[in-house]
J.: 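Below is one structure. I have some questions about it.
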Amino acid sequence: MTVAFTRRDALNEPLDLAGIGIGPSNLSLACLLESVPEVRSRFFERRGAFDWHPGMMMPGVELQSSFLKDLVTPVLPTSRWSFVSYLVAHKRLYAFLNANYDAVPRQEFARYLAWVANGVDGLRYATEIHDVEHRDDRFVLRFDNGQEEAKNLVIGTGSSPFVPDWAKSFLGADCFHNSEAKSRLKDLRAARIVVVGGGQSGGEVVEALLGTPDAMKQLIWISRRHNFEPINDTPFSNQVFSPEYVQAYLKLSGEQKQAALKNSILTSDGLSISTIHSIYRRLYALRYLDQSTLTASLSPNRDVIQMERDGNAYRLIVRNHFDGGIEVLHADAVVLATGYRFRLPDALGSLSERISLDRNGYPTLNDDYTMQWTGPRTNRLFAQNAGRYSHGIADSQLSLMAWRSAKIVNTLLGRQHFDAEPDNAQLVWATEAASAMRHQLRAGYSDGLLSS
Ligand SMILES: Cc1cc2nc3c(=O)[nH]c(=O)nc-3n(C[C@H](O)[C@H](O)[C@H](O)COP(=O)(O)OP(=O)(O)OC[C@H]3O[C@@H](n4cnc5c(N)ncnc54)[C@H](O)[C@@H]3O)c2cc1C
Ligand SMILES: NC(=O)c1ccc[n+]([C@@H]2O[C@H](COP(=O)([O-])OP(=O)(O)OC[C@H]3O[C@@H](n4cnc5c(N)ncnc54)[C@H](OP(=O)(O)O)[C@@H]3O)[C@@H](O)[C@H]2O)c1
């Protein structure tokens, strides 16, 4: 999409906000900013067009969250950029409803996102930001053939594939992170394949491999967790994906946050039940119905600690935390479904020295998603999807992106343009909230409001 040349450009006035990266996070922010014309913004994406995790768009993959938690609906349900608007615009609302999906196909949600990304103003593609400098009262963003200046900056560059140190020197056609799975798997002709990582990405890779076993004779799937753990997708657990929870979580100490995060990890990072069923049933069919020669084994409690070349193949050294044993595995190909981590984009260059990092290597975030940095307070640096530790497990998911965008807009404007106040929590997380609630209840009784 081309961005119109405006009077602002002629006057060399900086934008109010520039965004680096156009994934769902910054796309949500761009949608909400449509309702605030006084904020002049522009977002930059290195890809030629919007594309949501293309390397993992295998057949049959599903969304892990509700389609109502789209780019806008939780804070601006009247926006023209809701998922329901997409369905109506594409004349498939009734068809979609009749499909009665338990989980929306990820392909459909990706098409929705791409439709929005093609329609919202101020988005510029094929523009990788190489460098950001802070000069005088503004940020200067540099890209091939140009630069842009902005008073405030929002980083929406997502998280990067995590490759363990032991695998780094082997990356290529037969050892790769799952983020490249779609293109790599179709050419893979390996007889012995090891998939490392028991999260949803590992599950989707295993499901894809079992769908077209072709040359595969042996498949080993390794999980470091105690088992191939399902996502905890039940109502009380899902309360961690709410503004109320974030509000309570923000008040915790660093230690308390780590403990709360550990306790809620499977609300986000477990395997979808549908993926578990699909893999289990496929294994059953291969073994008992098809009399397949494929041997497939699932190995939980395993930590891969080393990888070596073994002729044209690989040898993996694995520690079994269940009984303390050490195993040696042989593989012709290794898929690393070892997760993702947030990191500041290289583009921040010299600026990154001025940004405070927490003990996890993530930027130290204030409650309003601004990073702590040594620059002027009038030049804010926001970070999206960087608050897993500071703001809780939901920050690395889609669930609260619209709400987070609303908070960012409110901070930029210095007023509550969007109602981002949490609901009354049913689950009472914080001590003071519990006391206040009991106080209210007592007051209610004494006023006769709750007497039967
Ligand atoms: C396969 C997969 C499926 C997922 N499914 C779900 C789900 O169903 N539900 C859920 O809640 N969460 C899901 N998540 C988690 C998360 O919500 C998504 O990863 C989401 O895409 C995060 O959005 P984002 O905008 O923060 O980052 P990203 O989607 O990663 O987007 C970042 C963008 O920044 C661009 N970029 C990076 N550097 C630069 C630069 N220097 N200049 C310009 N552009 C740059 C990148 O090209 C990219 O397009 C999933 C994650 C994965 C990996
Ligand atoms: N369909 C979807 O909606 C979909 C699809 C894919 C991903 N996602 C989401 O994206 C996020 C990331 O998922 P993910 O599966 O990519 O990552 P993940 O949930 O972080 O899983 C990665 C796994 O790899 C393990 N691991 C790392 N190093 C290892 C080693 N050396 N040996 C053995 N195991 C090792 C980790 O173990 P530890 O647990 O011990 O660290 C972890 O369990 C999740 O929130 C997920 O829900 C969603």
Side-chain angles (χ1 to χ4, degrees), residues 19-29 43-47 49-58 60-67 69 103-106 109-110 113 117 124-132 141 143 155-167 177-179 181 195-205 222-226 228-229 231 241 265-272 274-275 299-307 316 318-319 321 336-342 345-348 383-386 388 393-401 404:
I20 308 182
I22 306 176
S25 301
N26 267 350
L27 189 55
S28 162
L29 183 55
F43 293 81
F44 299 90
E45 166 60 44
R46 65 182 170 201
R47 289 190 169 117
F50 184 91
D51 212 352
W52 186 47
H53 296 307
M56 282 293 283
M57 203 53 81
M58 270 92 72
V61 292
E62 296 173 336
L63 200 64
Q64 275 186 328
S65 37
S66 163
F67 63 80
K69 294 173 176 176
V104 175
R106 224 163 57 221
F109 202 72
L113 295 172
R124 185 171 170 156
Y125 293 93
T127 308
E128 175 158 11
I129 303 300
H130 295 304
D131 178 54
V132 181
L141 289 75
F143 43 89
I155 308 300
T157 47
S159 37
S160 309
F162 171 72
V163 174
D165 286 341
W166 47 258
H177 187 268
N178 67 266
S179 53
V195 177
V196 185
Q200 180 63 19
S201 294
E204 290 181 7
V205 168
I222 286 182
S223 170
R224 193 152 66 182
R225 297 176 184 152
H226 184 64
F228 293 86
E229 306 277 4
I231 201 164
F241 299 105
I265 209 95
L266 287 174
T267 57
S268 150
D269 294 352
L271 285 155
S272 296
S274 58
T275 308
S299 303
N301 295 293
R302 307 299 206 284
D303 191 359
V304 179
I305 52 177
Q306 205 178 319
M307 183 166 161
L316 287 101
V318 180
R319 183 176 291 128
H321 288 295
L336 304 159
T338 40
Y340 294 78
R341 303 272 188 283
F342 178 87
D346 294 339
L348 287 192
Q384 303 239 46
N385 192 352
R388 185 177 171 93
I393 191 91
D395 207 64
S396 50
Q397 299 290 316
L398 302 178
S399 288
L400 289 182
M401 65 181 166
R404 183 179 57 203

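Counting starts at 1 for both ligands and their atoms, following the listed order.
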J.: Taking 4.0 Å as the limit for heavy-atom contacts, which would you say applies to R46 with ligand 1: side chain only, backbone only, both, or neither?
T.: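 Contact part for R46 vs ligand 1: both backbone and side chain.
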J.: Would you please determine whether S201 falls within less than 4.0 Å of ligand 1 on a heavy-atom basis?
T.: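 It does not; every heavy atom stays at 4.0 Å or beyond.
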J.: For ligand 1, is there an atom lying under 4.0 Å from some heavy atom of N178?
T.: no
J.: For A117 and L27, work out which heavy atoms get closest and say how close.
T.: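 Heavy atoms only, the tightest pair is CA-CD1, 3.8 Å.
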J.: Heavy-atom distances under 4.0 Å decide this one: backbone, side chain, both or neither, for I20 against ligand 1?
T.: side chain
J.: For G156, state whether at least one heavy atom is located under 4.0 Å from any atom of ligand 1.
T.: yes
J.: So for E204, does at least one of its heavy atoms come nearer than 4.0 angstrom to any atom of ligand 1?
T.: no
J.: With respect to atom 7 (C) of ligand 1, which of Q200, Q64, R404 exhibits the smallest heavy-atom separation?
T.: Q64
J.: With a heavy-atom distance limit of 4.0 Å, tell me whether S396 approaches ligand 1 through its side chain, its backbone, both, or neither.
T.: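 It is the backbone that gets close, since no side chain atom is under 4.0 Å.
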J.: Counting heavy atoms only, which of A103, G197, P161, S159 comes nearest to atom 25 (C) of ligand 2?
T.: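 Looking at heavy atoms only, the winner is G197.
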J.: In terms of ring plane angle, is the pair Y340 and H177 parallel, tilted or perpendicular, where the classes change at 30° and 60°?
T.: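 Judged by the thresholds at 30° and 60°, the geometry between Y340 and H177 is perpendicular.
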J.: Against ligand 1, does E45 come closer than 4.0 Å with any heavy atom?
T.: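 E45: in contact with ligand 1 (<4.0 Å).
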J.: Where the closest heavy atom to atom 37 (O) of ligand 2 is concerned, which of Q397, H177, R224, R106 has it?
T.: R224
J.: Which option, Q200, Q306, Q64, owns the non-hydrogen atom nearest atom 47 (O) of ligand 2?
T.: Q64
J.: Taking 4.0 Å as the limit for heavy-atom contacts, which would you say applies to W52 with ligand 1: side chain only, backbone only, both, or neither?
T.: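 Side chain only; the backbone of W52 stays clear of ligand 1.
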J.: Nearest protein heavy atom to atom 22 (C) of ligand 2, by residue and atom, and its distance?
T.: A337 O, 3.3 Å
J.: What part of L27 sits under 4.0 Å from ligand 1 if we count only heavy atoms: the side chain, the backbone, both or neither?
T.: neither
J.: Below a 4.0 angstrom heavy-atom separation, can you tell me which part of Y340, side chain or backbone, both or neither, approaches ligand 1?
T.: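 The part of Y340 near ligand 1 is the side chain, not the backbone.
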J.: Tell me which protein heavy atom sits closest to atom 12 (C) of ligand 2, plus the residue, atom name and distance to 0.1 Å.
T.: Y340 CD1, 4.1 Å
J.: Does only the side chain of R302 get under 4.0 Å from ligand 2, or the backbone, or both, or neither? Count heavy atoms.
T.: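 Backbone only.
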J.: Starting from atom 16 (O) of ligand 2, find the nearest protein heavy-atom neighbour and note its residue, name and distance.
T.: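 Looking only at protein heavy atoms, the one closest to atom 16 (O) of ligand 2 is S201 OG, 2.7 Å.
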J.: Which is it for V61 and ligand 1 at heavy atoms under 4.0 Å: side chain, backbone, both or neither?
T.: neither
